[in-house]
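Before any comments, here is the structure.
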Amino acid sequence: MNLKLSFIGLLFMAIPFISNAQQSVNSNSFPVQITTANGIIEGEFDTKTNIQSFKGIPFAQAPVGDLRWKAPQPVVNWTGIKQTKKFGPRAMQSNLFGDMGFRSDGISEDCLYLNVWSPAKSSDEKLPVLVYFYGGGFAAGDGSENRYDGENMAKKGIVTLTVNYRLGIWGFFSHPELTKESPNHASGNYGFLDQNAALKWVQANIAQFGGDPKRVTIAGESAGSIAVSAQMASPLSKNLIAGAIGESGGSFYPTLAPIPLAEAEKTGVDFGQKIGAKSLKELRAMSTLELYQKSSGSSMGVFKTTIDGYFIPKPLPEIFEAKQQAMVPLLLGWNSEEMNYHALGFGKELTNENYTQKIKELYGSKASQVLQLYPAGTPEVTEQSATDLAGDRFIAYSTWKWFDLHRKNSAQPVYRYYFSKPRPEMRDNDLEAGLAGGVIKKDKNAPKATKPKGAVHSAEIEYAMGNLATNKNYAWTEDDYKVSETMMNYFANFIKTGNPNGEKLSVCPVAKDDKNTEIMVIDLDSKSKKAENDARYLFLDKEYTKK
């Protein structure tokens, strides 16, 4: 049975509609300086928001030349004052997703920069810290995207960071020669190691920004959420964090789970041979343009995260079951329409007959069991069931697996949300929503796209980070801003205390280790309710744990 639904393949369906916003000059700011462990940096203080911001701070050496495909190296100290008022370059990537708008200074292998927004009035405040990792299938994304902007979370009293990390072939390429030259006998996972280097930078420097290095919460969405679960599991990072937030995604099969190092090394060798590079030396000698052109179309999901024996010593379920993960509070969840039912591959009209046939193709003798969990019925019921199954296979199950493992194998509180607020109508009638949260231009010759009935993949980011106004594609309403304030407050409370609950918020319950655990539904009327769908995940768990 083909149970695996390609994460990357589905993300790729979000056809590009990229808006590269330029970095703007802030007329309401004046320069401010901070001394970091590596030297003095100069950012800006905004007199309207009372937030200091520092953009494009290097946290590792540029991973170029001989440092291509090596663990990030410490920054070389500088003299004088380094200007950090604009975003650094984003990691090497193609234009893949229609919901990404960048403010970065171009694209470069020299991409290891982070950004800080701080509300602190002095370095003595010891404020909680949020470190956010962007999504994009480990093939695209950047810390400069408007939807991740840290200013509004900083207004909640949180020192907020976004972090760049290497992507695609630059971030997740394995090769036997790389493993041999590594002092850790590992290769791949360079993107994860970049995130780890940023967390070490936070430990060394965040007090200067008024942050508390003992109160660092990491968060991310999609691939960023998968990265959070990996950082929780890694012996290199687990002692650098005090809390974790996951939005749609965990590093568990079938969603971008790490593969054995030997398998990743073979992929690397095969790729090298395919492009005429027989050795690591030849691969490193390639220019950025040459490697980009020869890997274009290959970086989407080909170069995977690895069980390298160093950053990830063994499969994540084994780490959690052995209680070797970071023992920290966890807040995580997923959206009500993570994937459109078309992703199941009907190729024709969704009827009960077609739906039932597809379930039989996917699940064989267990089709009847699946149809009890995802039943056919009226057109509306069948469509909802197919949508639920597509979303569960895509990313909801892997998030549930992370949730289930941590609540069973730690004494720390675990909170689960379910985001169900659909986005409003788009402002531009020539645009429409694509699969996996993208934005695409309408094809006038194509059949009318199915209108989302729930919250699509990635839709919660602007709500959670308070950045609705920066997404000009949608006609946001007062209700949307109300939901955003609610979700933002849950997140901010969790970052501050390890508990999302607070004044004027419905109680978000701690998950219990039983089948009747409650879930916090975030919508216009946010409230907790009995989790009704866990039987679906228990079924999928039996199927996927055979893999």
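FYI, side chains are in, hydrogens and waters are out, and symmetry mates aren't considered; it's all heavy atoms of this structure. Residues: numbered from 1 along the sequence shown.
In terms of the ring pair (Phe, Tyr, Trp, His ring centres under 6.0 Å) criterion, Y415 has no residue partners (sequence neighbours excluded). Shown here are the salt bridge (Lys or Arg N to Asp or Glu O under 4.0 Å) partners of E181, two or more places apart in sequence or in another chain: R284. Residues meeting the side-chain contact (heavy atoms from CB on, under 4.5 Å) test with A322, sequence neighbours left out: K314, Q324. Qualifying side-chain contact (heavy atoms from CB on, under 4.5 Å) partners for N152, counting only residues two or more places apart in sequence or in other chains: K155, N467, M488. Listed by chain and residue number, R423 satisfy the salt bridge (Lys or Arg N to Asp or Glu O under 4.0 Å) test with E462 (two or more places apart in sequence, or in another chain). Partners of S123 according to the side-chain contact (heavy atoms from CB on, under 4.5 Å) rule, which considers only residues two or more places apart in sequence or in another chain, do not exist here. With sequence neighbours excluded, no residue forms a ring pair (Phe, Tyr, Trp, His ring centres under 6.0 Å) with Y113. In this structure E145 satisfies the salt bridge (Lys or Arg N to Asp or Glu O under 4.0 Å) test together with R147, sequence neighbours excluded. Remark: F209 engages F54, W201 in a ring pair (Phe, Tyr, Trp, His ring centres under 6.0 Å) (not counting sequence neighbours). T288 is linked by a side-chain contact (heavy atoms from CB on, under 4.5 Å) to R68, M92, E109, counting only residues two or more places apart in sequence or in another chain. Under the rule for a ring pair (Phe, Tyr, Trp, His ring centres under 6.0 Å), F133 has no partner lying at least two apart in sequence or in another chain.
Salt bridge annotation for K121-E125: absent, with no cationic side-chain nitrogen under 4.0 angstrom from a carboxylate oxygen.
Between W400 and Y537, the angle of the ring planes stays under 30°, which puts this pair in the parallel group of the 30/60° scheme.
Although no hydrogens or angles enter the test, the distance criterion places a donor-acceptor pair under 3.5 Å between the side chain of W69 and the main chain of I169.
Using a 4.5 Å cut-off on side-chain heavy atoms (C-beta onward), F59 and P72 make no contact.
Surrounding CG of D66 are at most 12 heavy atoms belonging to other residues, nucleotides or ligands under 6.0 Å away.
A centroid separation of 6.0 Å or more is found between the aromatic rings of Y490 and Y417. Between Y190 and F311, a ring centre-to-centre spacing not shorter than 6.0 Å is recorded. In this structure, F192 has its ring center under 6.0 Å from that of F172.
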Tell me which donor-acceptor pairs under 3.5 Å the side chains of residues 261-268 have, and how far apart each pair is, sequence neighbours excluded?
unit_1, atom_1, unit_2, atom_2, d
E265, OE2, T179, OG1, 2.6
K266, NZ, D270, OD2, 2.8
T267, OG1, E263, O, 3.2

